[in-house]
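Read through the structure below, which is laid out as structure tokens, and then see the notes.
Note: hydrogens, waters and symmetry copies are ignored here, and every other heavy atom, side chains too, is used. Model, not experiment: these values are computed from the prediction.
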Amino acid sequence: MRHESAPGPPHQPHEPVPGQPDLPHDRSQAILEAAKEIGALLKRAGHPFALAGSVAVYAHGGSRYLQHDADFCVLPDDADTVAATLGEAGLAVRTPPEDWLLKTTCRGQNVDIIFALAHQPVTKDLLERAHVLPVDSVLMPVLSPTDLIHSLLSAFSEHYCDFGAVLPVARAVREKVDWDEVRAACGDQPMPAAFLFLLERLNVIDPQEGQP
């Protein structure tokens with residue numbers, strides 16, 4: 001599966017787009033505007049999807065401080081049709097070396113279209129568990145807090161283990177997460193297990209039943 005497109009220019013700060021209002025000088029708001037636009041396109045086209053990443057955390061009540069990109073989960077079999085939808089809207093779709101996502105740029109912000117999450121293909125069940133929430137006034141499906149935390153912990157490895165970035169996320173959504181399910185899904189892996197232990201020691205979550 002390949003999506004051919006001319007290489008885009010290097011990422012540049014936001015510039016006004018003809019026919020669109022200029023964005024405020026606020027990176028977080030710019031990312032939200034991009035997320036809203038992509039979400040609206042996917043909704044209108046009828047693609048099953050769920051918002052992920054830091055914007056999903058924001059939708060669940062987390063920090064509005066967004067400094068990366070917007071992430072959307074789609075089914076692997078829908079990747080081509082989603083790419084076509086974005087292309088019809090005038091958005092160039094890029095195929096990176098990684099074989100589990102596509103990339104585009106909307107309103108000057110990077111957007112990842114993901115079809116594998118936590119090392120597993122995105123499934124209908126995952127998308128059906130999504131919560132429909134307002135994202136800065138636009139309703140769209142958002143990964144459930146449990147799936148969101150699972151995806152973040154499963155990304156930990158010996159080469160990437162930024163507990164500091166995920167700790168505030170866990171604090172923000174802790175009451176909405178099924179922590180037993182998270183433990184069952186990834187708690188036997190060294191790095192997620194270490195992070196779960198840290199959450200227990202910081203009294204973010206209760207210790208696992210049967211443990212001191």
Side-chain angles (χ1 to χ4, degrees), residues 1-74 78-117 122 130 132-143 148 151-152 155 160 162 164-166 168-169 172:
M1 173 178 63
R2 291 184 61 84
H3 303 277
E4 301 293 343
S5 60
H11 176 68
Q12 299 290 337
H14 170 72
E15 296 179 356
V17 177
Q20 294 182 347
D22 196 12
L23 294 176
H25 296 290
D26 178 336
R27 178 73 187 280
S28 295
Q29 187 61 40
I31 293 172
L32 286 174
E33 294 295 335
K36 291 191 295 182
E37 185 165 325
I38 297 295
L41 285 172
L42 298 179
K43 282 172 59 177
R44 285 197 296 269
H47 297 299
F49 74 95
L51 182 67
S54 62
V55 187
V57 175
Y58 165 72
H60 282 296
S63 172
R64 186 186 173 279
Y65 183 70
L66 312 174
Q67 289 296 314
H68 296 290
D69 51 22
D71 302 304
F72 290 85
C73 295
V74 303
D78 289 347
D80 288 324
T81 55
V82 167
T85 294
L86 298 178
E88 289 167 3
L91 301 175
V93 178
R94 306 183 296 279
T95 304
E98 300 86 353
D99 60 1
W100 47 271
L101 81 165
L102 302 172
K103 289 180 174 288
T104 189
T105 302
C106 178
R107 292 178 171 262
Q109 304 305 313
N110 294 322
V111 179
D112 289 349
I113 307 297
I114 299 166
F115 35 91
L117 192 69
V122 172
V132 177
L133 299 172
V135 178
D136 201 29
S137 78
V138 174
L139 287 172
M140 68 180 73
V142 180
L143 277 184
L148 188 57
S151 70
L152 294 173
Y160 171 81
D162 189 354
V166 181
V169 176

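- Separating the OG atom in S151 from the CG atom in L117 is a distance of 4.5 Å, to the nearest 0.5 Å.
- To the nearest 0.5 angstrom, L51 atom CG is 7.5 Å from L143 atom CG.
- With sequence neighbours left out, V166 forms a side chain to side chain contact (heavy atoms under 4.5 Å, CB included) with L152, L153, F156, F195.
- Contact annotation: the side chain of I38 never approaches that of Q109 to less than 4.5 Å [non-hydrogen atoms, C-beta and beyond].
- Pairs passing the salt bridge (Lys or Arg N to Asp or Glu O under 4.0 Å) check and including a residue from residues 53-66, sequence neighbours excluded, read D26-R64.
- Judged as a side chain to side chain contact (heavy atoms under 4.5 Å, CB included), and not counting sequence neighbours, the contacts of A70 are I31, A35, V55, F72, V111.
- Minimum interatomic distance between D71 and G53 (heavy atoms only, all atoms of both residues): OD2-CA, 3.6 Å.
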Tabulate below the donor-acceptor pairs under 3.5 Å that side-chain atoms of residues 40-49 make, not counting sequence neighbours, or state none.
{"residue": "K43", "atom": "NZ", "partner": "L139", "partner atom": "O", "Å": "2.6"}
{"residue": "H47", "atom": "NE2", "partner": "T85", "partner atom": "OG1", "Å": "2.7"}

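- Remark: the backbone N or O of A92 is paired with a side-chain donor or acceptor of T104 at under 3.5 angstrom.
- Looking only at side-chain heavy atoms (C-beta outward), D78 and F115 stay at 4.5 Å or farther from each other.
- The minimum heavy-atom distance linking V74 with V122 is given by the pair O-CB, 3.2 Å.
- Here K36 pairs with E33, D136 under the side chain to side chain donor-acceptor pair (under 3.5 Å) rule; sequence neighbours left out.
- The heavy-atom pair separating A79 from L102 by the smallest distance is O-CD1, 3.9 Å.
- With sequence neighbours left out, H60 forms a ring pair (Phe, Tyr, Trp, His ring centres under 6.0 Å) with H131.
- Residues A50 and A130 share a closest heavy-atom pair of CB-CB, 4.0 Å.
- Under the side chain to side chain donor-acceptor pair (under 3.5 Å) criterion, D112 pairs with K103, not counting sequence neighbours.
- A search for side chain to side chain contact (heavy atoms under 4.5 Å, CB included) contacts involving A155 returns nothing, not counting sequence neighbours.
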